[in-house]
Amino acid sequence: MKFTTYPLLAAATITALSALSSCNDAKTATAAENAASATAIAADSASTATITTAGNATAADVSTGSPATIPASKRADAATILARPQVPILCYHQIRDWRAKDSKGAKDYIVPVEQFKAQIKMLADSGYHAILPDQLFAYLTTGAPLPSKPIMLTFDDTDLDQFTIARPTLDKYGFKAVYFVMTVSLGRPNYMTKAQVKQLSDEGNVIGSHTWDHHNVKKYQGQDWVTQIEKPTKQLEEITGKKINYFAYPFGLWNPEAFPELKKRGMDAAFVLAEKRDQQDPLFTIRRIIASGYWSPRTLHNSIVQSF
């Protein structure tokens, strides 16, 4: 592994990775992640209550196919996709108790252990059913039915506590999730190993790509697409033995120039954060919200209802 290509990652940054995931890079990124503006929400959100569902089916009960089985000719156009009610998608980072050195801003990305468990219990008690990206893709592109009260749970940055704490908590309620892996950190202290990533995949969770070292996609030039997307994606495919179809932008930051580059490298959809979706290619700007460490289960529920 060479750190000379991206000197910001060398030494100091690798040390910082152990203390806080790379998602505290910029004020603009934080603003984009924590909350969409009222205008964006009003213009680009709809009640999940109107989603066509499959009654009380669980995620496993609904057969939706995958992007590979849905030909382009059968996929809806952008306007139709944008018109479908959005499915709530939560984004988590670290699951651990706050420390004295954690900044006020960092605590948005760090959900205390008991708070996380309470949030997930609330979702289960409220009748939410966790879905996976292939189901979401089929729903958006073909109108395929979803379970009642669908929600997607996603985890960014490969933190070890996602395996040791989040995984057993989700298992308790029969939930599966999406783990967007930043490959530079694999095997490092406080991060997952390749074997743990494979185990998550083998257990029915979905592994997605989250770049090599969390470099801002809006700044990519030349070989960055190979270093940050192509090589890490191939590595994840070797680890899991499965095709990697989905990508999450670091910091939630994106530009339309990224879409063809991601498609060239096998991505079928990509996930942003709270910003408004791209009107021409909404599959590459699927919205999520940060599940804040400050939120009680009730606040989380209210945020889900208000944001989607």
Colleague: Please check: side-chain N/O of D157 versus main-chain N/O of D159, any donor-acceptor pairing under 3.5 Å?
Modeller: no
Colleague: Mind telling me whether F259 and F284 have parallel, tilted or perpendicular rings, with 30° and 60° as the class edges?
Modeller: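 Rings of F284 and F259: tilted, 30 to 60°.
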Colleague: Centroid separation under 6.0 Å, is that true for the rings of F247 and Y249?
Modeller: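 For Y249 and F247, the ring centres are under 6.0 Å apart.
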Colleague: When you look at L123 and I304, which way does the side chain to side chain contact (heavy atoms under 4.5 Å, CB included) test go after all the steps?
Modeller: CA-CA 10 Å; L123 294 177; I304 291 169; 3.8 Å; yes
Colleague: Would you indicate whether K121, at its atom NZ, is surrounded by more than 12 heavy atoms from other residues, nucleotides or ligands within a distance under 6.0 Å?
Modeller: no
Colleague: Run I244 and M267 through side chain to side chain contact (heavy atoms under 4.5 Å, CB included) and show every step you take.
Modeller: CA-CA 7 Å; I244 302 298; M267 299 301 164; 4.2 Å; yes
Colleague: Minimum heavy-atom separation for Q279 and R277, please, with both atom names.
Modeller: NE2-O, 3.1 Å
Colleague: Show the numbers, then the answer: is there a side chain to side chain donor-acceptor pair (under 3.5 Å) between Q115 and W295?
Modeller: CA-CA 8 Å; Q115 187 86 304; W295 289 353; over 6 Å; no
Colleague: Identify the residue among V87, I151, I289 that makes a side-chain contact (heavy atoms from CB on, under 4.5 Å) with F308.
Modeller: I289
Colleague: Distance alone, cut at 3.5 Å: any donor-acceptor contact between the side chains of Y191 and Q162?
Modeller: no
Colleague: Applying the 4.5 Å side-chain criterion to the ILVMFWY set and letting contacts propagate, would I229 and V226 be lumped into a single cluster?
Modeller: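 No, I229 and V226 fall in different hydrophobic clusters.
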Colleague: Enumerate donor-acceptor pairs with a distance under 3.5 Å from any side-chain N or O in residues 194-208 to protein atoms, sequence neighbours excluded.
Modeller:
{"from": "Q196", "atom 1": "OE1", "to": "T193", "atom 2": "N", "distance (Å)": "2.9"}
{"from": "Q196", "atom 1": "OE1", "to": "T193", "atom 2": "OG1", "distance (Å)": "3.4"}
{"from": "K198", "atom 1": "NZ", "to": "D202", "atom 2": "OD1", "distance (Å)": "3.3"}
{"from": "K198", "atom 1": "NZ", "to": "D202", "atom 2": "OD2", "distance (Å)": "3.4"}
{"from": "Q199", "atom 1": "NE2", "to": "E203", "atom 2": "OE2", "distance (Å)": "2.9"}
{"from": "S201", "atom 1": "OG", "to": "K242", "atom 2": "NZ", "distance (Å)": "3.1"}
{"from": "E203", "atom 1": "OE1", "to": "R167", "atom 2": "NE", "distance (Å)": "2.7"}
{"from": "E203", "atom 1": "OE2", "to": "R167", "atom 2": "NH2", "distance (Å)": "2.8"}
{"from": "N205", "atom 1": "OD1", "to": "A177", "atom 2": "N", "distance (Å)": "2.9"}
{"from": "N205", "atom 1": "ND2", "to": "L200", "atom 2": "O", "distance (Å)": "3.0"}

Colleague: Tell me yes or no: between the side chains of W212 and Q235, is some donor less than 3.5 Å from an acceptor?
Modeller: no
Colleague: Checking side-chain hydrogen bond (donor to acceptor under 3.5 Å, both in side chains) between Y246 and each of D134, T154, D268, which is the one that passes?
Modeller: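 With Y246 as partner, side-chain hydrogen bond (donor to acceptor under 3.5 Å, both in side chains) holds for just one option, D134.
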Colleague: Do Y92 and F116 have ring centroids that are under 6.0 Å from one another?
Modeller: yes
Colleague: Can a side-chain donor-acceptor contact be found between T227 and D224 if the only test is distance below 3.5 angstrom?
Modeller: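 Looking only at side-chain atoms, T227 and D224 do not form any donor-acceptor pair under 3.5 Å.
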Colleague: Can you list the steps and then say if D161 with Q94 is a side chain to side chain donor-acceptor pair (under 3.5 Å)?
Modeller: CA-CA 7 Å; D161 47 54; Q94 297 187 62; over 6 Å; no
Colleague: Is R287 close enough and on-axis enough to F271, meaning under 6.0 Å and within 45°, for cation-pi?
Modeller: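 No cation-pi geometry.
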Colleague: Check the surroundings of atom NZ in K234: do more than 12 heavy atoms from other residues, nucleotides or ligands lie under 6.0 Å from it?
Modeller: no
Colleague: Short question: side chain of Y220, backbone of H215 - any donor-acceptor pair under 3.5 Å?
Modeller: yes
Colleague: Would you call the rings of H210 and H214 parallel, tilted or perpendicular if under 30° counts as parallel and over 60° as perpendicular?
Modeller: perpendicular
Colleague: By the salt bridge (charged side-chain N to carboxylate O under 4.0 Å, His left out) test, which pairs, at least two apart or in different chains, include something from residues 251-266?
Modeller: E230-R265, E261-K264, E261-R265, K263-D281
Colleague: Is there a chain of hydrophobic side chains (I, L, V, M, F, W, Y, each step under 4.5 Å between heavy atoms) that links I165 to V181?
Modeller: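 Yes, because I165 and V181 connect within a single hydrophobic cluster, where side-chain heavy atoms sit under 4.5 Å apart.
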